[in-house]
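Note sheet for the following structure.
Residue numbers count from 1 along this sequence. Whatever order the structure lists them in is the order used to number ligands and atoms, beginning at 1. Excluded from the calculations below are hydrogen atoms, water molecules and symmetry mates; all remaining heavy atoms, backbone and side chain alike, are included. Predicted model, so just to flag it, every value in this text is computed and none were measured.
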Amino acid sequence: MHTEKIQTNLGSYRVHVASGLRFNINQLIEKEYKRILLITDSTVDKLYADDISKGFDEAVDILKYVVPSGEASKNIEEYYRLLTYSIENNMDRHSLIIALGGGMIGDLSGFVASTFMRGIDFIQVPTTILAHDSSVGGKVAINHPEGKNLIGSFYPPVAVVYDVDTLHSLPSHEIRSGYAEVIKHGFIANGDLLKDVLHLDIKNEIENTQLIRHLCDGIKVKANIVEKDEKESSIRKFLNFGHTLGHAIESEMGYGNLTHGEAVAIGMLFALEISEEKFNVDLFSSDYQAWMDFNHYPIKIGKLNLSHLIKRMKKDKKAKHAIVQMVLLENIGKPILVDFTDEELSAYLDKFLRKLGSN
Ligand SMILES: O=C(O)C(=O)C[C@@H](O)[C@H](O)[C@H](O)COP(=O)(O)O
């Protein structure tokens, strides 16, 4: 089993990564809980929800709440229904929430945990590759129609239990989504990981040792940054590489029409091309685009309205006084934050959308 300890001011927890862990969650948490609310989605429920209960004593009360699958469920109505369910079913400050699923479930359940009775324990049990990113670092949130993750908090889980066996049932768009965040960690902080992934055919089954190595490398990059800047006042913003445009595309297209990672993958291409032009460096943007093509990432995504996208980019959490800030790369492993004037951003985005055929 691979274990990474995350030590921050808001809390310390371990991220365990191995095969078969979903049956042994009870042994990986330090406290005993009498009442547990398992939150999952309608896809994962059928596959793994029963396995989770098997590891707990029969005396533990395990409630289950199933959310419709898809990013569109990460909304205020679903959040409110979950709170009502928790109140009606006598959850209290000594209860535990288990978030079983991908980023949507982790973010939504974590936000419920962070606000129910001013905060109760929760653990993340990720079932997607993308969640190697979202389950670590303590960002929990729901979306607003105006923008992604606009309502949320920093609230670390008490543990992350990552059973890699669950990743083999993922559909191809989920593998693409997850590997976008893996390659992001490579671009911002680990050139070897980047090279490895740029040679990877993610259309075919990825064997467990390689998958675990990629996930653990990504988690290490994330842990390293989050431990130094948990609340994103400085270097944590680097983890947002590709997200400024990515989030704008996701919300503009309607949540769930493109996966989070697929939208971020496009956002990274944008940031790479600007970086190469601004800093006169080769950041392998052509190799990266070829990798995206080869692995069937959607690049031609139809017409997008430039001014709508810019309006959304201004709502990004990194923006200050409506000035868009983007993460660029001075080199591989050397991220930097750059402010953009409206004119400059418009010019870059117009050129990029034309290239994609989206203008
Ligand atoms: O953990 C972070 O910090 C990140 O920015 C990682 C992102 O990949 C992740 O999608 C995150 O949830 C986005 O955060 P947001 O603050 O931009 O909503």
Note to self: Over 60° means perpendicular and under 30° means parallel, so tell me whether His247 and His243 are parallel, tilted or perpendicular.
What the structure shows: perpendicular
Next item on the list: Within a distance under 4.0 Å of any heavy atom of His260, pick out the atoms of ligand 1 and give their elements.
Entry: 10 (O)
Notebook entry, point to check: Which of the atoms in ligand 1, numbered in the order shown and given with their element, are less than 4.0 Å from a heavy-atom of Glu181?
Noted result: 8 (O), 10 (O)
Notebook entry, point to check: How close does the nearest protein non-hydrogen atom get to atom 7 (C) of ligand 1, and which residue and atom is it?
Noted result: His243 NE2, 3.3 Å
Checklist line | Between Lys317 and Asn149, a side-chain donor and acceptor under 3.5 Å | finding: no
Notebook entry, point to check: Any donor-acceptor pair under 3.5 Å linking the side chain of Lys222 with the backbone of Val136?
Noted result: yes
Check: What protein heavy atom sits nearest atom 11 (C) of ligand 1, and how far off is it?
Finding: Lys139 CD, 4.2 Å
Next item on the list: With rounding to the nearest 0.5 Å, note down the distance linking CD1 in Ile301 to CG in Leu356.
Entry: 6.5 Å
Check: Among protein heavy atoms, which sits nearest to atom 5 (O) of ligand 1, and what does the distance come to when rounded to 0.1 Å?
Finding: Asn240 ND2, 2.8 Å
Note to self: Under 4.0 Å, counting heavy atoms only: does Lys318 come that close to any atom of ligand 1?
What the structure shows: no
Item checked: Distance from atom 8 (O) of ligand 1 to nearest protein heavy atom, with residue and atom -> Asp133 OD2, 2.6 Å
Next item on the list: Quick one: look up the protein heavy atom nearest atom 12 (O) of ligand 1 and list residue, atom name and how far away it is.
Entry: Asn149 ND2, 3.7 Å
Next item on the list: Under 4.0 Å, heavy atoms only, figure out whether ligand 1 is touched by the backbone of Leu239, its side chain, both or neither.
Entry: both
Checklist line | Ligand-side contact atoms (ligand 1) for residue partner Lys222, heavy atom cut-off under 4.0 Å | finding: 1 (O), 2 (C), 6 (C)
Note to self: At less than 4.0 angstrom from any non-hydrogen atom of Arg236, what atoms of ligand 1 do you find?
What the structure shows: 1 (O), 2 (C), 3 (O)
Next item on the list: Before giving the answer on side-chain contact (heavy atoms from CB on, under 4.5 Å), spell out for Tyr79 and Ile151 the whole-Å C-alpha distance, their side-chain angles and the decisive distance to 0.1 Å.
Entry: CA-CA 11 Å; Tyr79 162 72; Ile151 307 157; over 6 Å; no
Notebook entry, point to check: Does any N or O atom in Asp316 lie less than 3.5 angstrom from one in ligand 1, N or O only?
Noted result: no
Checklist line | contact_flag Lys237 ligand 1 heavy-atom lt 4.0 Å | finding: no
Note to self: Looking at Lys54 and Phe23, would you say the former's side chain and the latter's main chain have a donor-acceptor pair under 3.5 Å?
What the structure shows: no
Check: Which atoms from ligand 1 have a heavy atom of Lys184 less than 4.0 Å away?
Finding: 6 (C), 7 (C), 8 (O)
Next item on the list: Kindly indicate whether the side chain of Pro156, heavy atoms from C-beta on, has any atom under 4.5 Å from the side chain of Ile6.
Entry: no
Item checked: Side-chain touch Glu250/His260, heavy atoms, less than 4.5 angstrom -> yes
Next item on the list: Flag Lys148 as yes when one of its N or O atoms lies below 3.5 Å from any N or O atom of ligand 1, and as no otherwise.
Entry: no
Margin query: Students often mix this up, so state it plainly: with edges at 30° and 60°, are the rings of His185 and His132 parallel, tilted or perpendicular?
Written below: perpendicular
Item checked: Separation of Leu215 CG from Tyr162 OH (nearest 0.5 Å) -> 4.5 Å
